[in-house]
There are 2 protein chains.
Amino acid sequence: MPENKPQTSRVLDLGRLKTACSSCSLRELCLPVGLSNEDLARIDGLVLVRRSLARGDHLFRAGDSFQSLYAVRSGFLKTKLLLEDGREQVTGFQMAGELIGLDGIGTERHTCDAVALEDSEICVIPFGRLEQLSREVTQLQQHLHKVMSREIVREHGVMMLLGSMRAEERLAAFLLNLAQRLAARGYSASEFNLRMTREELGSYLGLKLETVSRVFSRFQEEGLIAVQQKYIQIKDPESLRGAVGGEAC
Amino acid sequence: MPENKPQTSRVLDLGRLKTACSSCSLRELCLPVGLSNEDLARIDGLVLVRRSLARGDHLFRAGDSFQSLYAVRSGFLKTKLLLEDGREQVTGFQMAGELIGLDGIGTERHTCDAVALEDSEICVIPFGRLEQLSREVTQLQQHLHKVMSREIVREHGVMMLLGSMRAEERLAAFLLNLAQRLAARGYSASEFNLRMTREELGSYLGLKLETVSRVFSRFQEEGLIAVQQKYIQIKDPESLRGAVGGEAC
DNA sequence: CGCCAACTTGATGGCTGTCAAGTCAGGTGG
DNA sequence: CCACCTGACTTGACAGCCATCAAGTTGGCG
């Protein structure tokens, strides 16, 4: 199993691919959100490189020097922390339009691993250029700050999940969050294929894979969802919301 | 108990107090880190207002409109999330030189509560001005990004804690982290007074207050620490590090 | 067709939560 | 100054949720 291929991921010339941000179908989800056409033109030179990852490839590893942020163009990734003793904590799952690599800014080294859970296309955003442009383009600066802030808020939510919720609540909250993110990308919110294993999902939720499996089964018995391996149908979103103890207030 | 005083916190005129960032004793810990004297002078006008909080006062609440970041000048705060059903998750403890309020940037509303755990002095940093200045002062821009990134990394660590560690590991990691932050501020790393209750600490660590108490007692029996209510002495930091299952790798 | 990773399900155990009682420390009022 | 009161903390007994261990099933892929 080629767990750790050397960087064979192809580096693509974007000029040929005509994939400037201004013409990207994800621009309403990704960094360029809210930019005027004029400003959009200014950031078109930002992404000069794209990388293709095969399932299982690393985008970066903890300890790698930090140069760029990465925007998911297509595919699905996870970020994870490793402890010396082998324990692993998944810190997030990223899909199209979401940014990866913010962890590296602080120390100029990445602090986690990013791994593709399916074949993925990644836009490479050199961070120095991004900082330079965001000094010139106020909207871009503000949006970058918002993206970082939202990542902080997302992690607050995960802390709530891990610190205060029971297994059923955690999984229900996760499914609803995933459904909502899929819907924002034009996919069905009521049926989808999970891209991660039960073990990866459990790691994210602070549960063991058997517990994840059992809760899936329980939700299915109760008619909240239908489960066939990775294929999930949400049958009763309202009750699923009820299964999450309390919303934020 | 005046849980929710109207904003009686005094607003101080900084001109009178001569507390510009350039002459602040915390400038090596706070936002101005790494600025040249020249740049430092440029941000001296950033903090025009300070607020004094009494123990128990809120700095802001979830839902409040976001205008400013806050730097702790002295004192000790917590941030927390509330669920409708009353469950509470402490998301962080902040001490001198640390920033509060990054959660509000994304939605322009605060998403958590910030509460003083002891009488505190807070520098108010209007975020619009900070963004403006950071467009002009590259070092400031870079440092702001680093601060936000480090907050993301800190939260990754908490996720690891909550998702993968057992009660003893969580408490040991917390004590070591607290000791290290105190040391960075010139305080003793081997003895200190906790500013939070067992319940608040437990909430942060995903434990009940009784469990926190029991683990303290166990550590004391093993000679790792000495506990007298909130007064903690770290007797054997090496073994305490050993009690944290694995370091990051 | 066979192999293997991923998943499901059952039995059991342990860590931590829950409930309860008691101790301690600090602050207030007599 | 001391008694009292209250919130914070400690400690014990017990219970429950989830982890662990184990066995079997499913589905994808070579």
Side-chain angles (χ1 to χ4, degrees), chain A residues 1-3 54-56 78 85-90 115 117-119 161-172 174 193-222 225-232 243 245, chain B residues 1-3 54-56 78 85-90 115 117-119 161-172 174 193-222 225-232 243 245:
Chain A
M1 178 184 52
E3 169 62 39
R55 175 179 173 158
K78 70 172 174 182
D85 61 9
R87 277 181 292 184
E88 181 175 321
Q89 175 70 37
V90 171
V115 183
L117 296 184
E118 62 180 9
D119 295 355
L161 212 88
L162 294 173
S164 304
M165 290 185 171
R166 299 178 323 111
E168 296 197 353
E169 300 176 295
R170 295 183 202 185
L171 191 57
F174 172 82
N193 279 292
L194 297 177
R195 297 285 127 99
M196 73 291 288
T197 65
R198 300 286 191 265
E199 185 172 20
E200 289 162 334
L201 182 47
S203 171
Y204 182 63
L205 298 176
L207 303 169
K208 291 293 157 185
L209 68 93
E210 296 93 332
T211 304
V212 174
S213 181
R214 272 185 251 271
V215 176
F216 270 134
S217 300
R218 219 174 302 153
F219 281 169
Q220 183 161 237
E221 283 163 25
E222 294 165 359
I225 63 176
V227 185
Q228 289 172 266
Q229 304 286 116
K230 300 205 153 148
Y231 177 65
I232 309 286
Chain B
M1 179 182 54
E3 169 62 40
R55 175 180 174 159
K78 70 172 174 181
D85 60 11
R87 276 182 292 186
E88 181 175 321
Q89 175 71 36
V90 171
V115 184
L117 297 184
E118 62 179 8
D119 295 355
L161 210 89
L162 294 172
S164 304
M165 291 185 170
R166 299 176 324 109
E168 296 197 353
E169 300 177 294
R170 295 183 202 185
L171 191 58
F174 172 80
N193 279 292
L194 297 176
R195 296 286 126 98
M196 74 289 288
T197 66
R198 300 287 190 264
E199 185 171 21
E200 288 162 335
L201 182 46
S203 170
Y204 182 63
L205 297 177
L207 303 169
K208 292 293 158 186
L209 68 93
E210 295 94 332
T211 303
V212 173
S213 181
R214 271 185 252 271
V215 176
F216 269 133
S217 300
R218 221 175 301 155
F219 281 169
Q220 182 162 237
E221 283 164 25
E222 295 164 359
I225 63 175
V227 184
Q228 289 173 266
Q229 305 285 117
K230 300 206 153 145
Y231 176 66
I232 308 286

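Each chain gets a letter, A, B and so on, in the order its sequence line appears, and its residues count up from 1.
A:R170 contributes a side-chain N or O that, together with a main-chain N or O of A:L205, makes up a donor-acceptor pair within less than 3.5 Å. A donor-acceptor pair under 3.5 Å is formed between the side chain of B:R87 and the backbone N or O of A:S164. Although no hydrogens or angles enter the test, the distance criterion places no donor-acceptor pair under 3.5 Å between the side chain of B:D119 and the main chain of B:A54. Under the 3.5 Å distance criterion, the side-chain polar atoms of A:Q89 are matched with a main-chain donor or acceptor of A:S203.
Per the geometry, CG belonging to A:L207 stands 18 Å off P belonging to C:dC15, to the nearest Å. Rounding to whole angstrom units, CD of residue B:E168 and P of C:dT16 are separated by 8 Å.
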Check: Quick one: what's the B/S/- string for nucleotides 3-13 of chain C, heavy-atom cutoff under 4.0 Å, read 5' to 3'?
Finding: ----SBBBB--
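In this structure the side chain of B:K230 reaches within 4.5 angstrom of the side chain of B:T197, judged on heavy atoms.
The structure places NZ of A:K78 at 4.5 Å from CD of A:E88, a figure rounded to the nearest 0.5 Å.
Protein chain B touches strand DNA chain D; the 5'-most and 3'-most nucleotides with an atom under 4.0 angstrom of its non-hydrogen atoms are D:dC9 to D:dA13.
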Checklist line | Worked verdict on B:Y204 versus B:M196 for side-chain contact (heavy atoms from CB on, under 4.5 Å) | finding: CA-CA 10 Å; B:Y204 182 63; B:M196 74 289 288; over 6 Å; no
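Heavy atoms of B:G202 sit nowhere under 4.0 angstrom from any nucleic acid atom.
Here the rule is side chain to side chain contact (heavy atoms under 4.5 Å, CB included) with B:L207, and of B:V215, B:V212, B:L171 only B:V212 fits it.
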